[in-house]
Engineer: 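My structure is below; once you've seen it, I'll send some questions.
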There are 2 protein chains.
Amino acid sequence: MAISFTEENYLKVIHRLSEATSEDISTNAVAELMQTKAASVTDMLRKLADKGWVNYQKYQGVRLSAEGEKIALSIVRKHRLWEVFLVDKMGFNWDEVHEIAEQLEHIESDQLVNKLDEYLGFPKTDPHGDPIPSKDGILPELAYSHLSDIKATKTCKLMGVAQDSAVFLQLLTKLNLNLGAKLAIKEINEFDRSIFVSINDAAPIFISHDVAKNILVKILA
Amino acid sequence: MAISFTEENYLKVIHRLSEATSEDISTNAVAELMQTKAASVTDMLRKLADKGWVNYQKYQGVRLSAEGEKIALSIVRKHRLWEVFLVDKMGFNWDEVHEIAEQLEHIESDQLVNKLDEYLGFPKTDPHGDPIPSKDGILPELAYSHLSDIKATKTCKLMGVAQDSAVFLQLLTKLNLNLGAKLAIKEINEFDRSIFVSINDAAPIFISHDVAKNILVKILA
DNA sequence: AATAATTTTTAGATTAACCTAAAAATTTAA
DNA sequence: TTAAATTTTTAGGTTAATCTAAAAATTATT
C-alpha cells in the first residue's frame, strides 16, 4: 500500500517512543516528537489504524502492528545506512548527518538500500553507535549503560549516544568524546551529579549529568 | 524561499521543454510531461510566477526566470550526479537509475551535492551522456547529432541518448549500443528510414528510425 | 467519591495540489 | 474574415495534512 513521507515519519516516531517503554504511546508524546498538535495526531492515528499499521483505540494510546513495525524498521535501517555513507564516504562529521539522513530515509528502492549496505561493508552500527536493522527487519539489542548510571572508579568505553542533536555531538567532539573513547570515572559529585572523568587517559575533567545521561557505554572494569 | 517537490518538478519540466525551443512553453506541453491536467498547470504557473521563478502571462505560455533557471539547473545537476553514483558506485545499469534519481534529486544539501561531485571525480556527463551542470549553474552545450540525421557510409561514436526510458535503454543494451560504441552506417532505407549499421565492427544489423532518432553521436569520418 | 486538572477527541477551517466541466481566448481553416 | 477547432483559463470541488477552539474522556487530588 502506498505510504506518504508524513505517514513514514509518524511510524518512525511511534517506533522510537515504543523502544523506551512497553506501554502504549500517548497522543501527546507523538505530537511533541512530530512537532505538531494533538488534534492532528488523533486524525493521523485513525488513518494509520485504518491502514493496519498501528493498533489504536481512542483515549487508549497507540502501538505499532507487526506490519507497522516492519515499515518503521525499514526506515530506521535506511536512515542509519545513509548516515554511515555520509560519514564514511562523503566525509561528514557525526553531528552533520542527521538532517540529511532524515531526507534520504524516504528514498524508496529496496535494491538501492541493499546495494548501499554491501557497499558500506554491512556495518553493524551508525556513526552514533545505534544498531542498523538487518534486511529482514531484525534490530540487535545493544543494551549499553548510560554513563550517568555507572559507579565511581569504573572504567568504560563510549559505544553510542542517546541523542543526535548537533549541539550535543559537537560538545562531545570538543571534549574528545568520540565513539570508542575510554572513560575512567574518578568521582561523582553528589551535589549536581556531575562526573569527574579521564578521557583516553588525559587529565580528568567535569561532565554534567545532562551530558552523562546521553552517553552510552560498555563497562570495562 | 521554500520550494516543494512539486514546484521543483514543474521547474525541471519547463526547463527540459525550453532546451528544445526558444519559444514560450505551452500549458499543454507542461501538462503532458507532468502527467496532469492543463487546469492544474494553470494554477501552478500562477503560483510559480508569484514566486518569481517563471515569467507567465495568461494564454501566452511560460518561460523560466533567471532564478527559476538556476533552481532547475541545480535539480538537473543533482539528478545526473546521483545517476553517476548509482551506476559507478552502486553497480546499477543505465536503464535502472532514472526512477531512483527522480527521488534523490530533491535531497536538499549543497554540501552533500558538492562532496558527491568530488567523490565521483567531477564527472562531465551522466550515464546517458547528458552533461552535468557545474556548481555555479553552467551547463556545457554538447551539440551531438541524432543518428537519424547522419548520411550513409559515415562512421560515428555513440555519445548519448535523447530518452531515459528503461525499455529504450534495455533495447540499446541488447543491441550492444553502449556509450562509446562505434557505429558504421552502411545504408539508409528510403522506405522506412531504417538504418543498416555495424556496431563495433560486428556484422551489420537494422535499426529503426524511431531508435535512431534517440541516439546521439559524434561523427568520426 | 466528587471535583479539578489534564489529555484527547471532535468540529469546523485552511492550504497545496489536484480534479471536472464550462467559459473564454487563441489559432486554424474554410 | 468569419466559423470551427483547439487551447487555456475559470469556477467549483476533493483529499491529505494541518490548525484552533470547544467538548468529552481520563487521571489526579482533595
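Proteins come first, then strands; the chains are lettered A, B, ... in the order of their sequence lines, and each starts at number 1. Remember, predicted model here, so these are calculated numbers, not experimental data.
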Engineer: Whole-Å distance between D/dT26 P and A/Gln60 CD?
Structural biologist: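 Rounded to the whole Å, the gap is 6 Å.
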Engineer: Which heavy-atom pair separates B/Arg63 from B/Glu23 by the least distance, and what is that distance?
Structural biologist: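 The pair with the smallest heavy-atom distance is NH2-C, 3.8 Å.
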Engineer: Would you say B/Gln35 reaches C/dC18's phosphate, i.e. side-chain N/O to OP1/OP2 under 4.0 Å?
Structural biologist: no
Engineer: Answer yes or no: does a side-chain N or O of A/Thr36 lie under 4.0 Å from OP1 or OP2 of D/dT18?
Structural biologist: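 No, A/Thr36 has no side-chain N/O under 4.0 Å of OP1/OP2 on D/dT18.
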Engineer: In terms of side-chain heavy atoms, does B/Ser208 have a donor or acceptor partner in B/Asp210 at a distance below 3.5 Å?
Structural biologist: no
Engineer: Evaluate the ring planes of B/Trp94 and B/His128, with Trp represented by its six-membered ring, and classify them as parallel (under 30°), tilted (30 to 60°) or perpendicular (over 60°).
Structural biologist: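 Ring orientation of B/Trp94 relative to B/His128: parallel.
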Engineer: Between protein and nucleic acid, restricted to nucleotides 10-13 of chain D and to nitrogen or oxygen atoms under 3.5 Å apart, what atom pairs and distances do you find?
Structural biologist:
from	atom 1	to	atom 2	distance (Å)
D/dT10	OP1	B/Lys58	NZ	2.5

Engineer: Do the side chain of B/His146 and the main chain of B/Lys213 share a donor and acceptor less than 3.5 angstrom apart?
Structural biologist: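 Such a contact is found between B/His146 side chain and B/Lys213 backbone.
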Engineer: Please state how far atom CG in B/Asp50 lies from atom P in C/dA16, giving the value in whole angstrom units.
Structural biologist: 11 Å
Engineer: Can you check whether B/Ser148's main-chain N or O pairs, donor with acceptor, with B/His209's side chain at less than 3.5 Å?
Structural biologist: no
Engineer: Measure CD/A/Gln57 against P/D/dT26 and give the value in whole Å, please.
Structural biologist: 12 Å
Engineer: Under the 6.0 Å and 45° cation-pi test, does B/Lys115 pair with A/Phe92?
Structural biologist: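 B/Lys115 over A/Phe92 ring: yes.
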Engineer: On the 0 to 90° scale, with breaks at 30° and 60°, tag the B/Trp82-A/Phe85 ring pair as parallel, tilted or perpendicular.
Structural biologist: tilted
Engineer: State whether A/Lys37 places a side-chain N or O below 4.0 Å from either non-bridging phosphate oxygen (OP1 or OP2) of D/dT20.
Structural biologist: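 Checking A/Lys37 against D/dT20: at least one side-chain N or O falls below 4.0 Å of OP1 or OP2.
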Engineer: What distance separates A/Leu48 CG from A/Ile14 CD1, expressed to the nearest 0.5 Å?
Structural biologist: 5.5 Å
Engineer: What is the distance, rounded to the nearest whole Å, between atom CD of B/Glu7 and atom C1' of C/dA16?
Structural biologist: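 Nearest whole value for this atom pair: 9 Å.
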Engineer: Need one value for A/Ser40: base, sugar-phosphate or nothing, where a base atom within 4.0 Å counts as base even if backbone is also close, heavy atoms only.
Structural biologist: base
Engineer: Are side-chain N/O atoms of B/Gln163 and B/Ser165 paired as donor and acceptor at under 3.5 Å?
Structural biologist: yes
Engineer: Under a 4.0 Å heavy-atom cut-off, which of residues 12-32 of chain B touch DNA chain D?
Structural biologist: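 DNA chain D contact set from residues 12-32 of chain B: B/Ser26, B/Thr27, B/Asn28.
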